[in-house]
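Take a look at the structure below.
All ligand and atom numbering here is 1-based and tracks the order in the structure.
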Amino acid sequence: VKRVLTGIKPTGVPHLGNVLGAILPAVELAQRSDHESFLFIADLHSLTVRPDPEALRAQTRAVAASWLACGLDPERVVFYRQSDVPEIPKLSWILSCSMPLGLLNRAHSFKDALAKGATADEVNVGLYAYPVLMAADILAFDADLVPVGKDQKQHLEITQEAARRFNLRYGEVFKVPDAVVDADVMTIPGLDGRKMSKSYDNTLVVFDDEKTMWKRIKSVATDSTPYGEPLSTEDDVLFQLTCAIQPDRRPSLARQYTTGRKNPELSGPERDESANYFGWGDAKKALLQAAVERFAEARERYRHWTTHPDELEDCLRHGAEKARHFARAVLDRVEASLGLSWI
Ligand code: TRP
């Protein structure tokens, strides 16, 4: 059984790209019996950007609710909030004492901040030590595999290096994890055709209410094909998004596009009633309908978790108890090897 671990930054309600590209695949992996999954919300990492406290609370809840809504089973998966596991920051300190400055000086996140002109007074130590905390997240649980995006590859290398260095000095204490850098995950286009990303303000959030989703979808720019004429599926985000959400819908939707008719069987030169026309407005409705249908249960569950924050809290606390049990065993090993404990 492989132990898989990954951390999620609490950056707010995940959008469709996050849901299809990251959450659902991870939830699926977690269901496999040859895997044992650890998933946590990396709220301590968020502190490096000094978020507004209310926003951090709300975003942590939104992220937790979304994962649970997407089918994460907290009985099967160890699902917790990083800050509920004090063994992690403790290990972080221990690791920092064998982490060479040179290694952290080369870390992208810190280097990027400096490159953008931040002075030493503006960069906080937390940002600098970010990779150490991440190493602690991983090493505290003897993780075998850590699925991450390309941007996190270097952090994983630092983790491996930290584990090796520690082991060299104190014996085989840590398990050296492998990174699983996701091979081009499905990139979901945003509403403006660029990659879907919060920073482009082109997202579709399937946990929003229908009205909000409709407003977003309605804003998609379309060409001026006359009503009833064939629509082009090429480079059309409405088509791509609807198909990404409901792959089975592709053939029938493609027919609607190429015929310009809602029900192509009814069409023909002699039966050309405009009620059967399929135009951009209908393509937009198709997208909304696809999102609402496919995520009906998830939306229901999301609403439940966000309106019952106490239950959500209980769920995370329970997860943290399980997590601490594992982390404690690793810390016992670490502390014994260092001479911190007397056993
Ligand atoms: N740094 C990761 C990110 O920005 C989140 C993260 C924190 C993480 N700790 C982790 C990912 C441990 C994998 C393992 O996405």
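Proximity of Val148 to ligand 1, defined as any heavy-atom pair under 4.0 Å, is confined to the side chain (atoms from C-beta onward). Heavy atoms of Ile138 found under 4.0 angstrom from ligand 1 belong exclusively to the side chain.
Near Ala42, meaning under 4.0 Å from any of its heavy atoms, are these atoms of ligand 1: 7 (C). Taking every non-hydrogen atom of Lys9 and a distance limit under 4.0 Å, the qualifying atoms of ligand 1 come out as 3 (C), 4 (O). Applying the 4.0 Å criterion to heavy atoms of His45 picks out, from ligand 1, the atoms 7 (C), 9 (N). Residue-ligand proximity, Val146 to ligand 1, at heavy-atom distances under 4.0 Å covers atoms 13 (C), 14 (C).
The closest heavy-atom contact to atom 1 (N) of ligand 1, among the options Tyr130, Phe141, Phe40, comes from Tyr130.
In terms of protein heavy-atom proximity, atom 13 (C) of ligand 1 is closest to Gly7 N, 3.4 Å. Of all protein heavy atoms, the one lying nearest to atom 9 (N) of ligand 1 is Asp137 OD2, 2.7 Å. Protein heavy atom in closest approach to atom 2 (C) of ligand 1: Gln152 OE1, 3.3 Å.
In this structure, His45 and Tyr130 have tilted ring planes: the angle between them lies in the 30° to 60° band. Aromatic ring pairs are classed by plane angle as parallel below 30°, tilted from 30° to 60° and perpendicular above 60°; the pair Tyr302 and Phe207 is parallel. Ring planes of Phe141 and Tyr80: tilted class, angle from 30 to 60°.
The neighbour count for Lys285 NZ, taken as heavy atoms of other residues, nucleotides or ligands under 6.0 Å away, does not exceed 12.
Cation-pi check for Arg261 over Phe278 is not met; the charged atom does not lie both under 6.0 angstrom from the ring centroid and within 45 degrees of its normal.
Checked against the 6.0 Å centroid threshold, Phe326 and Phe38 count as a close aromatic pair.
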* Asked: For Asp43 and Ser83, what are the C-alpha separation, side-chain angles and deciding distance, and is it a side chain to side chain donor-acceptor pair (under 3.5 Å)?
  -> CA-CA 6 Å; Asp43 56 350; Ser83 61; 2.5 Å; yes
